[in-house]
Each structure stands twice: as C-alpha cells, then as structure tokens.
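What follows is one structure encoded as structure tokens, with my remarks underneath.
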Amino acid sequence: MENVTMVMPLKQPIVFELEGFYVPPGYSSLLFFLALFNYMVVLLGNGVVLFVIVIDRNLHRPMFVLVCNLVVCDLLGATAVLPRLMMHFLTGQKRIAYILAIAQAFCVHTYGVAVQTILGAMAYDRYIAVCEPLRYHAIMTSARLCLCCTLAWLIALLCIAVLFTFHMNTPLCGNIIRHVYCSNRTILSLACSPTPSNNIYGLSMSWSVSTGIFLIIAFSYIRILHASVKQGRSDSSVRSKAFQTCTPHLVVYLLFEIASVIIIVSHRFPSVPQNIKKFFSILFIIIPPAINPIIYGLVSKELRGSIIKHFTFQVCRKR
C-alpha cells in the first residue's frame, strides 16, 4: 500500500512570502535608490502634469481630461508595486498579508486593463478631432466625455472584479509567491487543486481587451491617416496638426505594448535568468508611468507651454 501525503489547506490569516529578486550582498542600497529614483520620477512627472491640467482652465478639454485619467492610472500601477519593492531592497522584507496581496494584485491588473481602455477612449477622441473637426465640440460634449471616462474605468474594474471572484473559497496549500509582486496567477498557483475556470477566463479576458482596443486604435488611425491625406492636399497644416495631436497617444500605446510583449517573450526562453525575467515582468509598471508624462510634456505644445508658464511664474513670484 502506497503512502499518500496529504497537503492541508492553509487557514486564515494567511501570510505570503514574496520571493522577489535575488540581491547580491552589498547591492541592496543601490537597488533601493534606483527604485526610489524611478518612483520619484513617476510621482514628479505625473504630479506636474496632473497639477497643471487641473489649474489651467485652457486645458479643460477632452484630450487633457483623458490624459489626467491616464496619469491616475499610471500612479495606481507604480504605487501598487514600487513602494513594496523598495522595502524589499532596503530591509529584505518579503512577508505580505493575504488581504494586502489581493489588493496589490487587484491594483496591478486594474492598471493593466485600464491603461488600454483609456488609450482606446483617447483614440476615439483623436478620431473625432481629426475626422470631424467642425462637429468635434458637438460630439465630444461633457456628457460624452464623462461616459468615455466612466466606461474606461468601469470595464477595467468589472473585468478584474470577476477575475478575483475565483479566489473566493479557493483553498491555498502554499505561501511562497515566486515573483516580484502579487498577481492573480501567482496566488492561484498556490491553490490545492487546479483552477481551470480562472485560467480560461483570464486568458479570454486579456485577449478580448487587448484585441478590442487594438481594433479601436487601428480603425481610428486608419481613418485619421485617410482624412489627413485627403485634407492635406488642400491644407498642409491639417497633416501637421494631426501628427502633433496623435503622436503622443500612439507612442504611449506602443510603449505599453512593447513592454507587455517583452514579458511574454522572456517567459518563452527557459535559459533566461530568473532575475532578468522578473525585471522584464515589471517593465510595464516602471517604464510607461515614468516616460508618459515626458512624452506628453514634450510633444504637446499647449501642455508644455502651460508647464513652463506656471513654473516660471512660481520662480519669479518667489524672487
């Protein structure tokens, strides 16, 4: 008769242990300051953009309101991961309570979906601005703008809320999360039995959101390109204006997608060191939130001008 080892489900309160990065001796302080620098750049860049858009009435327009939503989303993603990562580097703290682990995973996944839905709403706004310039204000009313913003966040929150309902009454038989941050997959990988329903829903939801947003953005830019070429024959400034207003949005979308593709590709090569894979897995959280405000600040003349105006005003006022 064979011996059967019974694995008992864990009881609440469950405390997980995040494996995190392998930190060579003497490198903890350096990695902490690098993570701190990245977080400061995220807070400063996004904070400045948010502050200027809120106080400058000239920027109270659909495009910049949507940029504000993207800023909030970037701050959500970075804040969900970077402070705990800094604690890990500085103190070696790896333990995280079950509720905090679920909260972190929920925020990270919400960030991942909301970025895409907000970029989809921004693509729709750019499509109306370029293809229907005379009817833009009639179409993009305050009510329509509120609807776009609400839908972008509601879709993300509902998709992730349903994803995390699979955690209810799912017994866990392990407490070591072999990753840098908590996620749906890393937590449910500790389940006592397979969770096919969660896997199927997670893959279907991710594919549907990514494909749907890609189609919206592709359709918008094909129509924008067609309208720019058509109108540009009689007025070359139309083409230039379309390029200036659409470039930041397209660059931000491509940046997020490239970071996501790097994560997927890195997991297809078993020979890649675990630390490198873990670093790639946080690229979509540490790079876009830090670079997005710089992209919008450099490319958007109105936003750049407003930032310079308010900054120089404050400097002159102090003098």
Between [Y] and [X], is there a side-chain heavy-atom distance shorter than 4.5 Å?
{"X": "Arg84", "Y": "Leu18", "result": "yes"}
{"X": "Val162", "Y": "Met205", "result": "no"}
{"X": "Pro293", "Y": "Val48", "result": "no"}
{"X": "Gln116", "Y": "Tyr253", "result": "no"}
{"X": "Thr117", "Y": "Leu151", "result": "no"}
{"X": "Phe106", "Y": "Leu163", "result": "no"}
{"X": "Cys73", "Y": "Trp153", "result": "yes"}
{"X": "Val115", "Y": "Asp74", "result": "yes"}

For the residue pair Phe284 and Phe256, does the interplanar ring angle fall in the parallel (under 30°), tilted (30 to 60°) or perpendicular (over 60°) class?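 Geometry flag for Phe256 against Phe284: perpendicular rings.
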
Hey, what's the ring geometry for Phe164 with His167, parallel, tilted or perpendicular (30° and 60° as the breaks)?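 Ring orientation, 0 to 90° scale: parallel.
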
Grouping I, L, V, M, F, W and Y whenever their side-chain heavy atoms are under 4.5 Å apart, do [X] and [Y] come out in a common cluster?
{"X": "Leu66", "Y": "Ile55", "answer": "yes"}
{"X": "Ile213", "Y": "Leu215", "answer": "yes"}
{"X": "Leu157", "Y": "Ile118", "answer": "yes"}
{"X": "Ile285", "Y": "Leu44", "answer": "yes"}
{"X": "Leu283", "Y": "Leu254", "answer": "yes"}

Shortest non-hydrogen separation from [X] to [Y] and the atoms involved:
{"X": "Val54", "Y": "His60", "result": "O-NE2, 2.9 Å"}
{"X": "Leu250", "Y": "Tyr221", "result": "N-OH, 3.7 Å"}
{"X": "Ala78", "Y": "Pro83", "result": "O-CD, 3.6 Å"}
{"X": "Ala191", "Y": "Thr170", "result": "CB-CG2, 3.9 Å"}
{"X": "Met86", "Y": "Leu36", "result": "SD-CA, 3.4 Å"}
{"X": "Asn275", "Y": "Phe21", "result": "O-CE2, 3.5 Å"}

Leu76 and Val108: CA distance, side-chain angles, deciding distance, side chain to side chain contact (heavy atoms under 4.5 Å, CB included) verdict: CA-CA 8 Å; Leu76 172 68; Val108 169; over 6 Å; no

Is there a donor-acceptor pair closer than 3.5 Å between any side-chain N or O of [X] and the backbone N or O of [Y]?
{"X": "Thr141", "Y": "His137", "answer": "no"}
{"X": "Asn38", "Y": "Leu34", "answer": "no"}
{"X": "Asn198", "Y": "Leu188", "answer": "no"}
{"X": "Asn69", "Y": "Cys149", "answer": "no"}
{"X": "Tyr181", "Y": "Gly20", "answer": "no"}
{"X": "Asn46", "Y": "Pro289", "answer": "yes"}
{"X": "Asp56", "Y": "Ser306", "answer": "no"}
{"X": "Gln93", "Y": "His88", "answer": "no"}

Could you walk me through whether Glu257 and Phe214 pass side chain to side chain contact (heavy atoms under 4.5 Å, CB included), step by step? CA-CA 10 Å; Glu257 289 301 318; Phe214 171 77; over 6 Å; no

Just by distance, no angles: are the side chains of [X] and [Y] close enough, under 3.5 Å, to form a donor-acceptor pair?
{"X": "Tyr39", "Y": "Thr79", "answer": "yes"}
{"X": "Tyr136", "Y": "Arg61", "answer": "no"}
{"X": "Ser189", "Y": "Thr186", "answer": "no"}

So, Tyr111 versus His109, ring centres under 6.0 angstrom or not?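 Ring centres of His109 and Tyr111 not closer than 6.0 Å.
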
List the residues meeting side-chain contact (heavy atoms from CB on, under 4.5 Å) with Glu17, not counting sequence neighbours, and say none if there are none.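 Here the qualifying residues are Lys94.
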
Could you check Arg185 against Asn199 for side chain to side chain contact (heavy atoms under 4.5 Å, CB included), going step by step and ending with a plain yes or no? CA-CA 8 Å; Arg185 188 170 62 87; Asn199 296 335; 5.7 Å; no

When rounded to the nearest 0.5 angstrom, what is the spacing between [atom1] in [X] and [atom2] in [Y]?
{"X": "Gln104", "Y": "Ile187", "atom1": "CD", "atom2": "CD1", "result": "8.5 Å"}
{"X": "Ile155", "Y": "Ser208", "atom1": "CD1", "atom2": "OG", "result": "11.5 Å"}
{"X": "Ile282", "Y": "Ile287", "atom1": "CD1", "atom2": "CD1", "result": "8.5 Å"}
{"X": "Ile128", "Y": "Arg223", "atom1": "CD1", "atom2": "CZ", "result": "9.5 Å"}
{"X": "Ser206", "Y": "Asn184", "atom1": "OG", "atom2": "CG", "result": "9.0 Å"}
{"X": "Ser197", "Y": "Phe166", "atom1": "OG", "atom2": "CZ", "result": "5.5 Å"}

Using the side chain to side chain donor-acceptor pair (under 3.5 Å) rule, pick out the option among His179, Lys278, Gln274 that qualifies with Glu19.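 Only match with Glu19 under side chain to side chain donor-acceptor pair (under 3.5 Å): Lys278.
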
Under the criterion side chain to side chain contact (heavy atoms under 4.5 Å, CB included), I'd like the reasoning laid out for Leu70 against Tyr296: C-alpha separation, chi angles, the key distance, then a yes or no. CA-CA 11 Å; Leu70 186 63; Tyr296 277 102; 4.0 Å; yes

